[in-house]
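Worksheet: the structure to be examined is printed underneath.
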Number of protein chains: 2
Amino acid sequence: MDIVTILRHSVLFSQIQAEDIPNLLTCLRARKSEFPKDYTIIDEREFTDELGIVLSGSVNIERHDFWGNRTVVSNLGVADSFAETLVCTQQMSEVSVITCEPTTILFLNIHQVITSCSKGCSFHHALIENMVRLLSYKNLELMKKMNHITKRSTREKLLSYLSAEAQKRGSRSFSIPFDRQQLADYLCVERSAMSSELSKMRSEGLLEYQKSFFTLIEED
Amino acid sequence: MDIVTILRHSVLFSQIQAEDIPNLLTCLRARKSEFPKDYTIIDEREFTDELGIVLSGSVNIERHDFWGNRTVVSNLGVADSFAETLVCTQQMSEVSVITCEPTTILFLNIHQVITSCSKGCSFHHALIENMVRLLSYKNLELMKKMNHITKRSTREKLLSYLSAEAQKRGSRSFSIPFDRQQLADYLCVERSAMSSELSKMRSEGLLEYQKSFFTLIEED
DNA sequence: CCTTGTTTGTTGCAAAAACAACATAATCTC
DNA sequence: GAGATTATGTTGTTTTTGCAACAAACAAGG
């Protein structure tokens with residue numbers, strides 16, 4: 001799939017005509033980079049003027065506390081973007097962006113465009129409007145995640161997350177983008193306790209799973 | 001304090017000249033409303049085209065699950081805003097906005113301005129740029145809250161929250177905007193267990209408190 | 001194909017949290 | 001000012017989680 005098609009599936013470029021995109025990319029000083037698996041694209045305490053869009057592969061957004069305990073904030077796939085908040089606030093990052101597999105990223109120098117673009121590009125307004133929409137959807141994603149982790153028990157967190165994933169895919173069978181340790185760090189629980197709870201839920205007939213592929217079983 | 005002064009302290013109107021604000025308010029179809037304490041300004045499942053700014057008083061953002069368990073998402077004071085994500089995404093609200101005390105709100109019809117404003121107001125661009133900044137700061141606030149609630153124990157959540165509040169105020173003595181039940185619902189823990197833990201922390205010499213006024217005690 | 005490393009799942013124990021119930025203190029309303 | 005209501009704190013019990021240790025399964029590398 002070529003870049004223009006991928007970008008038109010992103011929030012940032014939605015409702016922008018395909019023929020306008022090459023000029024926009026020039027204006028945004030677009031640059032493409034490829035990274036191996038487990039590569040830290042942006043680290044904590046870094047600054048950036050560039051928003052990243054995933055062209056292929058996937059990344060995790062993570063953070064570590066003082067003692068090195070990891071929290072997985074989110075997983076991003078093709079057409080998803082990151083670092084939009086850093087670009088807009090010009091603050092130091094509190095998260096890392098790490099590849100989960102070989103990944104290609106398109107970097108866009110959004111900062112100068114949303115603060116002042118004296119070129120008067122005809123699609124500038126559409127871009128900044130999309131930026132507003134992008135940040136709003138990021139807010140909603142954070143609220144959804146918070147909805148999972150505010151649950152009080154490990155089982156409730158799992159049910160909340162897995163049922164939301166099923167709903168998102170429109171299917172009771174689906175893959176999640178995390179291994180066990182990543183899922184535990186995403187839901188803020190202890191890995192082996194979570195595995196034990198998943199095993200109990202399976203023996204109670206609530207769900208089946210094989211590694212990261214899950215099937216929720218409908219109650220009769 | 002008059003409205004223009006308050007608005008200039010908000011993110012949405014920052015860097016907009018005081019003399020431009022009256023025209024902007026006309027353009028935004030501004031309307032002011034007063035509400036008693038414990039009034040639900042926006043309820044779950046509602047839609048809105050209007051962003052609200054707190055002129056006096058305060059509000060809590062809350063949500064309830066299917067069984068009626070409440071989560072407190074955040075507390076907003078003077079010059080803070082709400083519903084910006086609803087306005088930008090045109091989706092149904094998943095939270096309620098409830099007054100904590102008698103409160104005055106300024107409602108602004110932001111939606112039509114950020115999607116298309118054919119009047120060509122000279123400050124339209126500044127407003128949408130501020131909207132981008134506002135949404136980014138909301139993201140950062142959600143990330144900060146998530147930083148508290150991803151901690152694994154009640155004590156760690158309390159320490160995380162209270163030390164962040166101290167840092168925000170630049171003082172080891174401060175008031176928080178929550179009673180005990182609201183604080184417990186904000187940190188997603190059980191109220192009486194949290195009270196018990198606060199009591200232990202006090203007897204260990206970590207902090208003092210009287211209702212919502214706290215003092216963190218420096219370690220020797 | 002074999003060895004090494006990683007991932008997943010299990011077990012037992014200690015600690016922590018949730019919960020229910022209740023007493024005391026503080027606040028509000030009449 | 002008194003009574004009613006709400007808020008805070010305590011206690012004991014049950015449930016759940018975190019943790020450490022380890023075994024088995026799976027994946028990767030040579």
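Convention: sequence-line order gives letters A, B, ...; per-chain numbering from 1. Please read all numbers here as calculations on a predicted model, not as lab measurements.
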Please report, rounded to the nearest Å, how far the P atom of D/dT16 is from the CE atom of A/Met201. 13 Å
Between C/dT8, D/dT8, C/dT10, which nucleotide gets closest to the side-chain atoms of A/Ser192? C/dT10
Please report the interatomic distance OG1(A/Thr40) to CG(A/Asn60), rounded to the nearest 0.5 Å. 11.0 Å
When rounded to whole Å, the CD to P distance for the pair B/Glu190 and D/dT16 reads 15 Å
Protein-nucleotide distance (A/Gln182, atom CD; C/dT8, atom C1'), rounded to Å: 14 Å
Starting from C1' on C/dT6, measure out to CG on A/Asp38 and report it in whole angstrom. 12 Å
Walking DNA chain C from its 5' end, the first of A/Arg152 and A/Ser195 to be reached, judged by nearest nucleotide, is A/Ser195
Send over the distance from A/Glu156 CD to C/dA17 P, rounded to a whole Å. 16 Å
For the pair made of CD in B/Glu208 and P in D/dG9, what is the distance, rounded to whole Å? 12 Å
Looking only at the side chain of B/Arg191 (C-beta and beyond, no hydrogens), which of the listed nucleotides C/dT7, C/dA21, D/dT17 gets closest? C/dA21
Distance under 6.0 Å and angle within 45° of ring axis: B/Arg191 vs B/Phe178: no
Residue B/Ser196, side-chain heavy atoms: nucleotide from D/dG18, D/dT11, D/dA21 that is nearest: D/dT11
Salt bridge (Lys or Arg N to Asp or Glu O under 4.0 Å) partner of B/Glu50, the single match among B/Arg29, B/Arg31, B/Lys32: B/Arg31
With DNA chain C as reference, determine whether B/Glu197 or B/Lys37 sits nearer its 5' end, using the nearest nucleotide of each. B/Glu197
Just the rounded figure in Å: distance from P of D/dT15 to CZ of A/Arg155. 14 Å
Taking the minimum atom-to-atom distance to the side chain of B/Thr154, which one of C/dA17, D/dT11, C/dT11 wins? C/dA17
Report yes or no: does A/Arg172 contribute a side-chain atom to a donor-acceptor pair with the main-chain N or O of A/Ile217 at less than 3.5 Å? no
Are B/Ser192 and B/Glu190 close enough that a side-chain donor and a side-chain acceptor fall under 3.5 Å? yes
With the side chain of B/Ser153 defined as its heavy atoms from C-beta on, choose the nearest nucleotide among D/dA21, C/dA17, C/dA18. C/dA17
By nearest atom, which of the nucleotides C/dG9, D/dT8, C/dT7 is closest to the A/Lys211 side chain? C/dT7
Spacing of A/Gln210 atom CD relative to C/dG9 atom C1', expressed in whole Å: 15 Å
